[in-house]
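First comes the structure, then the notes that go with it.
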Amino acid sequence: LLLGPEALLIMGLVPVFQDVVLMSAGILIAETGQGKNWKSSLIKSLNKIIRTPLIIGIAAGATYAALPIGLPATAEQSVRLLAGCLAGVGLFMLGGVLAFTKFNGIWGYVVPVVTVKLIIHPIFVALAFWLFPIADKNILIAGIFAASLPMIGGYAAIASNFGQRT
């Protein structure tokens, strides 16, 4: 809200982009990296992507939002109550995952991912805004900020599809 409603839209679209585009690309790259033909990898990846609960939820939510119907008042109140405690529950869950994660030997994997996502990616986004300037500086700030947001759930979801566990 500090940067305006346009920035809020950007921040809302970032998870959708990461979950739909980046996770899909990650699954495709991982499938291809297993020495398979890229066409069969593409078909298998699309199959996995379509069955991912997160993608199903995004599709269902987008479909519902596009329809001209609303929730009953009691259901809407329940959704608002749940939305209010979502951040706390998410942080609690993240803390629980981190508490039981064994970090021995994974720093070689973590450091490159963190470097690319939190440093290089925001630099490239800033470069894109420099090459294609926009009038609203709030969108520029929100775009660079959104580029540096971690996508930790996405990495875990992709890795779990290929037998990797933390």
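Small disclaimer: the values here were computed from a predicted structure and weren't measured.
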(message) How close do V111 and T115 get, counting heavy atoms only, and between which atoms?
(response) O-OG1, 2.7 Å
(request) Starting from I120, walk the hydrophobic network (Ile, Leu, Val, Met, Phe, Trp, Tyr; side-chain heavy atoms closer than 4.5 Å) and list everyone else you reach, by chain and number. (result) V116, F124
(request) Would you give the length of the straight line joining atom CG of L46 to atom CD1 of I50, rounded to the nearest 0.5 angstrom? (result) 6.0 Å
(request) Could you tell me the separation between the CG atom of L118 and the CD1 atom of I123, rounded to the nearest 0.5 Å? (result) 11.0 Å
(message) The criterion is side chain to side chain contact (heavy atoms under 4.5 Å, CB included); which residues satisfy it with I134, sequence neighbours excluded?
(response) F129, I139, L140
(message) Between K117 and P122 (side chain of the first, backbone of the second, donor and acceptor by atom type, cut-off under 3.5 Å), is there such a pair?
(response) no
(request) Please report the shortest heavy-atom distance between Y64 and L71, naming the atom on each side. (result) OH-N, 3.0 Å
(request) Sort and list the pairs that fulfil salt bridge (charged side-chain N to carboxylate O under 4.0 Å, His left out) and have at least one residue in residues 60-82, not counting sequence neighbours. (result) E76-R80
